[in-house]
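Scroll down for the structure; my scribbles are underneath it.
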Amino acid sequence: MSRGEIAINEQLCKGCGYCVRFCPQSCIAIPGDRFSPQGYLLAVFTEPDKCNACSICGWMCPEFAIDVYRYVEAETPSA
Amino acid sequence: MPERILVQGNESIGWGAISAGCRHFFGYPITPQNEITDFFARELPEIGGVFVQSESEAASAAMLYGAAAAGVRVITSTSGAGWGLMQEGMSQLANAELPCVIVNMQRGGPGQGTTRHAQMDYLSATRGGGQGGYKTIVLTPASVQECHDLVQLAFHLADKYRNPVVVLGDGILGQMAEPLERSTIEFDPLPEKYWTIRGMGERDAETHNFISCGQGGVIPVLPYTSYGAFLQRLEEKYQAMSADEVRYEIYRIEDARLLMVAYGSTARVCQEAVDMARAEGISTGLLRPISLWPFPTDVIRQKAASGTEFLVVEDSLGQLVDDVRYAVEGKSQVHFLGILDRHLPTDGGMILPNRVLDEIKKVS
Amino acid sequence: MTEKKELVYTKPELKLGYGWGHCPGCHHPIVEKLVCEVLEEMDLAGRAVGVAGVGCSFGFFASINIDGANCAHGAAPAVATGIKHALYGKPLVFTIQGDGDCAAIGGGYVLNAAARGEKITIIMVNNANYGTTGGQLAPTTIMGQVTSTTPHGRNAGQGYPIHLPELLVGMQGVAFTARAAPFTPAGYLRAKSYLKTAFQRQLGEAGLTFVELLSACPPNWHMTPLEAIQWMEDKMLPEYPEGIFKDSGGEQ
């Protein structure tokens, strides 16, 4: 299972909660103690080790605020 | 020798548009301009053009909006209620600065009105009938030949100022037939249409073109910096049109103490009345505006200052007369002969030369 | 074995800046995202021209890097007709409209563009009310739904919901109609595939294509975004089922 990571742009997130709701691995939450500059409750990537880079959170985000990464083996340079 | 053909004013509009390189017409049937719609349906496909009959005149204005945004020369023609339905669309065209030609062969109003001639859309044409207070140049032919010529001028001015232009005729002009010499009129070169939306691939561009008819809230008003800057641009454009695009024709006014002011087919009636009056020793003349907006205010103002009196003759209850009174500023008498002075009360009634002659005698 | 972090998902390239700033939970930006992704995947950005109607989609082409315009309320299908014919059918032409823009004031435009079989794609975003003006009754408002102009819930005296994809099926000029609800991952993928098919049918000159996309409107529904998509699940989907209602084929 590939391993992933997301980055939530805190300038853009409006705390709608769609990423939280549809992440199959429940990696994202709105703890309620983090605010965006405009005062929205921020979504936070709370369970990084469970993320498999499926990108569903990215699709569901109306604010284009989520980038998704995947960890891939880098070819080790031949000796 | 240019080709001479005997055609109606309506058809002459069509030939003029084709001479101007227009290959796209979107319009809706309405009397008394149907021959224009039918002309384009018949002729455009023959020369690789496009005719689309719209579902309403509001739709015609929207189709013009699209075709003009795509950068082609485009025209529609209408009358009466159709003209009424187009007012909002014209305001949108004026905001988005989209060049196109709108022909209105006026008919009797208000409401459904009549299917015959009249000159009752003067104010809605010259003041902008839609919302917001925009300006459009309004050209008004008085002969079949001039229909052909002014349509070509209209396309040129539309592209010169990136603005809709109105060609204002009437039912008589549209239905009457006169010889027409078809020709392509040459004009000064025009600015390039860098702003069109044809797909970025068409112009090998990396950034898009965006045409907007609104400057609300967070919508950027590219290329202007604000709504105020946008209005400043419109004002400068309208000032330039007012300064450079006034057109009128004078007929035997050298020594005239009484000057008639009339446009379109009514001007033809007045021209005959001038000849009849002069034959009876009464010195009178005619000033015929060709651009109703911008209106020939200055020449009328100068004449008024030198004591000339005016007789405005128009086929309405009184609209052109307002502009003449405004120009004269009370410095001399402005008499009025209107639709109630037609020879018959029916919708076919007309203001005839002898009635004008009687009025000339009465006010002289 | 060393690992490398690879970017697999981000804002579509065609999306410039961050747009018009819709309300939290609104799906209009999702429609922007879908259109951008489809145009990129079909490599049509250079050939596309769009027209946005009046409402929450009015600013669509201000922040999408394809040639586009907005226009008078309801008139987008006629403007699109003008563009398509001006350029002799060459570009891919589509509209982005709301339910009021498309089905109320624009009803005649849609019906006649369909009757003419215009080779355009109409995308209607259905949020069951007039969004920008504060949540009034729209043609797509559901029976019993409270809006600012149906304060006691829409009743028979105020008409019945309009289902345009189903309505347009019977028109010969129409090649493809469908509806998707991109508020779930599956709905998002359905929406994407329907948009692709619609564009393919247009390029294949099969006729007019119509895609309705459902959207939440949390502020006007007086709900949180999550309550709104629950309401969509419970109330909107039964009234506005997803699916393809007509597809006359005609691969591009």
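Predicted model only: the values in this text are computed from it and were never measured. Computed over heavy atoms, backbone and side chain alike; hydrogens, waters and symmetry mates excluded. Order of the sequence lines fixes the chain letters, A, B, ..., with proteins taken first and strands second; residue numbering starts at 1 for each chain.
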- Query: What part of A48(C) lies closer than 4.5 angstrom to a heavy atom of chain B: side chain, backbone, both or neither?
  - Reply: backbone
- Report the option among H24(B), R203(B), Q53(B) that has the most heavy-atom pairs separated by less than 4.5 Å from atoms of chain C. H24(B)
- Task: Among the options G68(C), A72(C), A76(C), P77(C), pick out the one with the most heavy-atom pairs lying under 4.5 Å from chain B.
- Result: G68(C)
- Message: Does E41(C) have more than 12 heavy atoms from other residues, nucleotides or ligands lying within 6.0 Å of its CD?
- Response: yes
- Task: Pick whichever of T196(B), V50(B), L64(B) has the most heavy-atom pairs under 4.5 Å with chain C.
- Result: V50(B)
- Shortest non-hydrogen contact from A58(B) to Y109(C)? CB-OH, 3.4 Å
- Note on the structure: dist N112(C):CG -> S56(B):OG (nearest 0.5 Å) comes out at 8.0 Å
- Task: For each of Q92(B), R198(B), R23(B), tally heavy-atom pairs with chain C at distances under 4.5 Å, and name the one with the top tally.
- Result: R198(B)
- Task: With a 4.5 angstrom heavy-atom cut-off, could you sort out which part of A59(B) is near chain C: side chain, backbone, both or neither?
- Result: both
- Gap separating the CZ atom of F61(C) from the OG atom of S212(B), nearest 0.5 angstrom: 12.0 Å
- Task: Look up atom OG1 in T207(B) and atom CD1 in I66(C), then write down how far apart they are to the nearest 0.5 Å.
- Result: 13.5 Å
- Message: Taking the side chain as everything from C-beta on, heavy atoms only, tell me whether F210(B) gets closer than 4.5 Å to N70(C).
- Response: yes
- Side chains of C213(B) and F58(C): does their closest heavy-atom pair fall under 4.5 Å? yes
- Minimum heavy-atom distance between G82(C) and F26(B), given as atom pair plus value: CA-CZ, 3.9 Å
- Note on the structure: Smallest heavy-atom separation, A62(C) atom then H208(B) atom, equals O-CE1, 3.8 Å
- So E55(B) and R116(C), salt bridge (Lys or Arg N to Asp or Glu O under 4.0 Å) or not? Walk me through it. CA-CA 10 Å; E55(B) 61 266 37; R116(C) 291 192 304 268; 2.8 Å; yes
- Message: Quick check on A61(B) against chain C: is it the side chain, the backbone, both or neither that has a heavy atom closer than 4.5 Å?
- Response: neither
- When every non-hydrogen atom of Y88(C) is compared with those of G48(B), the smallest separation belongs to OH-O, 2.8 Å
- CZ (R47(C)) and CD (E202(B)) are apart, to the nearest 0.5 Å, by 10.5 Å
- Considering all heavy atoms, the nearest I197(B)-L87(C) contact: O-CD1, 4.3 Å
- Item | K196(C) atom NZ: more than 12 heavy-atom contacts under 6.0 Å | yes
- Message: As an exercise, state the distance from CE of M200(B) to CG of D67(C), rounded to the nearest 0.5 Å.
- Response: 6.5 Å
- Item | Aromatic centroids of F25(B) and H85(C) separated by under 6.0 Å | no
- Note on the structure: Rounded to the nearest 0.5 Å, the SG atom of C71(C) sits from the CG atom of L93(B) at a distance of 10.5 Å
- Message: Report which part of I64(C) has an atom under 4.5 Å of a heavy atom belonging to chain B: side chain, backbone, both, or neither.
- Response: backbone
- Message: If I measure from the heavy atoms of chain B, does K90(C) come under 4.5 Å with its side chain, its backbone, both, or neither?
- Response: side chain
